[in-house]
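Let me begin by presenting the structure, written as structure tokens, before commenting on it.
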Amino acid sequence: INTIKGQVRYQCKNATTLWGQSNATAIQDAHGNVSYFLLQIQDITEQKQSEEALAEREALLQLVLDTIPQAVFWKDKHSTYLGANKNFAHDAGEGSALNLIGKTDFDLAWKPEEAEAYRQDDKRIMAANKPELNIIEPQLQADGKQAWLETNKAPLHNESGEVIGILGTYEDITERVQLEKQLQELLTTQARQLEIGQALATAQTEQEVLDIIIEKANDYPNAALSITDWETDDNGEKYDVVIRQSKYASGIDLLKERTRTAWKQSPLSQLYSAEVAFISNHLEDDTRIDSAIRTSFASIGVKGLAILPMV
């Protein structure tokens, strides 16, 4: 006996539509030949209507999730993805939310340590059965962007109140974090400038002034400071001499202490002025500076340069 099953849509004369579950069974005789077919049809119209209504509700819910600006995702109790919206799928590099189903954080674009941190958060939140809000965390996204997120997570429950997974949302706050960092750096710089100004106000001699400048320069681990003087030999030849320097500057050959360079040969002489400061925030693109000097500084990671006259 061979049975063929299928669902068939029927258009009735009264313009209504019915769905039937068809089972066609071939009845064979003693010699194995098909004698006749037994056809059974069960009305499943209500079932199909319920399925279509459910599919429409799911499509509407997905549309809503895809419309909001935040990324949304949900996982089972093993931190395996069950779904997400398009923003999350984009960040994860999966194209469609359907591609996420069945995967874990270790299968996505994040760094391994980020994936592990996300899963530890999931375990903690599900074990405590309490949501955690405003979690600030990093995320390496599929396009190579190192983003900062503000994440909210809450446990998911079944009808019996048991924890069966986790629901999460996050917002990309990278720009805000960068602005906060820049503001903090600015406030720190202003505070140091004030401190330096107050310290210089107490200096009594030129030596004390130089000592304070060098001491404060050492508070900036990535800033090189050298103080130079001009010396003239018996023949009237002018020389540029490095007389003091900060700790970081000691690793730069061009600025080594007691370096004595003939003024005409000094690579920076073209930039010196007794009255005007020379400042460059982007050395690599500054055409005022000789290309050889730019290359030399770039090789040791110098990004900016300031030459200030001292009177």
Side-chain angles (χ1 to χ4, degrees), residues 5-7 9 19 44 47-159 162-182:
K5 298 181 179 181
Q7 294 182 354
R9 183 174 179 268
W19 281 91
I44 59 170
Q47 175 186 332
K48 291 295 292 186
Q49 290 174 340
S50 297
E51 291 175 355
E52 291 174 355
L54 177 60
E56 289 177 359
R57 289 196 297 271
E58 290 179 345
L60 178 60
L61 176 58
Q62 190 65 50
L63 178 62
V64 171
L65 292 174
D66 289 342
T67 302
I68 63 176
Q70 289 80 15
V72 183
F73 59 92
W74 52 99
K75 310 176 186 178
D76 65 16
K77 62 182 180 181
H78 303 296
S79 288
T80 300
Y81 283 96
L82 299 175
N85 68 350
K86 68 176 184 180
N87 288 334
F88 184 88
H90 175 270
D91 292 343
E94 293 299 319
S96 168
L98 293 175
N99 297 333
L100 287 161
I101 298 175
K103 294 184 177 181
T104 72
D105 287 298
F106 290 110
D107 300 316
L108 305 183
W110 340 132
K111 295 177 181 178
E113 58 269 25
E114 293 171 345
E116 180 60 29
Y118 302 157
R119 291 172 65 84
Q120 291 301 321
D121 289 346
D122 296 347
K123 290 179 181 179
R124 182 179 64 254
I125 292 168
M126 287 189 286
N129 196 15
K130 292 182 179 179
E132 290 189 13
L133 308 178
N134 306 318
I135 304 169
I136 307 301
E137 56 190 359
Q139 182 188 79
L140 177 63
Q141 298 178 345
D143 61 1
K145 175 184 177 181
Q146 183 62 61
W148 281 96
L149 313 177
E150 183 170 354
T151 303
N152 301 308
K153 288 184 176 181
L156 287 173
H157 303 90
N158 60 16
E159 294 180 354
E162 299 170 327
V163 175
I164 59 171
I166 197 157
L167 170 67
T169 67
Y170 67 71
E171 184 174 357
D172 189 329
I173 60 167
T174 305
E175 184 176 349
R176 189 183 87 189
V177 170
Q178 291 174 341
L179 289 175
E180 289 175 349
K181 181 181 179 182
Q182 292 172 4

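Tyr81 and Thr104 make their closest contact through CE1-C, 4.0 Å (heavy atoms, listed as atom of the first residue, atom of the second, distance). Across all their heavy atoms, Ala97 and Ala84 have their closest contact at CB-O, 3.2 Å. The two residues Arg119 and Asp105 make their nearest non-hydrogen contact at CG-OD2, 3.8 Å. The minimum heavy-atom distance linking Asp76 with His78 is given by the pair OD1-N, 2.8 Å. Of all the heavy atoms in Asn129 and Pro155, the pair that sits closest is OD1-CG, 3.5 Å. Closest non-hydrogen pair, Ala92 versus Leu100, comes out as CB-CD2, 4.1 Å.
A 4.5 Å side-chain heavy-atom check between Ile136 and Ile173 finds at least one atom pair inside the cut-off. A 4.5 Å side-chain heavy-atom check between Val72 and Leu167 finds at least one atom pair inside the cut-off. For the pair Val163 and Lys77, the minimum side-chain heavy-atom distance is 4.5 Å or more. When side chains are defined from C-beta on, Asn134 counts as touching Asn152, because their heavy atoms get closer than 4.5 Å. Using a 4.5 Å heavy-atom cutoff, the side chains of Glu171 and Pro69 are not in contact. Two residues are said to be in side-chain contact when any heavy atoms from C-beta on lie closer than 4.5 Å; Arg9 and Lys48 fail this criterion. Side-chain contact between Lys75 and Thr80: absent, with no pair of heavy atoms (C-beta onward) separated by less than 4.5 Å. Gln146 has its side chain within reach of Lys111: a pair of non-hydrogen atoms, C-beta onward, lies under 4.5 Å apart.
Within 6.0 Å of NZ in Lys181 there are 12 or fewer heavy atoms belonging to other residues, nucleotides or ligands. Dense packing is recorded around CD of Glu113, with more than 12 heavy atoms of other residues, nucleotides or ligands lying under 6.0 Å away.
Panel note: side chain Asp91, backbone Phe88; no donor-acceptor pair is recorded below 3.5 Å. Judged by distance alone, the side chain of Asn87 and the main-chain N or O of His90 form no donor-acceptor pair under 3.5 Å. Checking side-chain atoms of Asn85 against main-chain N and O of Gln70 turns up a donor-acceptor pair under 3.5 Å. Here the side chain of Glu114 pairs a donor or acceptor atom with the backbone of Leu140 at under 3.5 angstrom.
If you take CD on Gln47 and CD on Glu52, they are separated by 11.0 Å, rounding to the nearest 0.5 Å. Atoms OG1 and CG, from Thr151 and Leu133 in turn, are 10.5 Å apart once rounded to the nearest 0.5 Å. Taken from CD1 in Ile166 to CZ in Arg124, the straight-line distance is 9.0 Å, to the nearest 0.5 Å. Put simply, CD on Glu159 and CD1 on Ile164 are 9.5 Å apart, with the number rounded to the nearest 0.5 Å. The CD1 atom of Ile44 sits 7.5 Å away from the CH2 atom of Trp19 when rounded to the nearest 0.5 Å. To the nearest 0.5 Å, atoms CG (Asp121) and CD (Glu132) are separated by 6.5 Å.
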Q: Begin with the C-alpha distance, continue with both residues' side-chain angles, and end with the deciding distance and a verdict on side chain to side chain contact (heavy atoms under 4.5 Å, CB included) for Asp107 and Glu94.
A: CA-CA 10 Å; Asp107 300 316; Glu94 293 299 319; over 6 Å; no
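Using modelled atom types and a 3.5 Å distance limit, the side chains of Gln120 and Glu116 yield a donor-acceptor pair. With hydrogens and angles left out, the side-chain atoms of Glu137 and Gln139 include no donor and acceptor closer than 3.5 Å.
Aromatic ring orientation, Phe73 versus Tyr170: tilted (interplanar angle from 30° to 60°).
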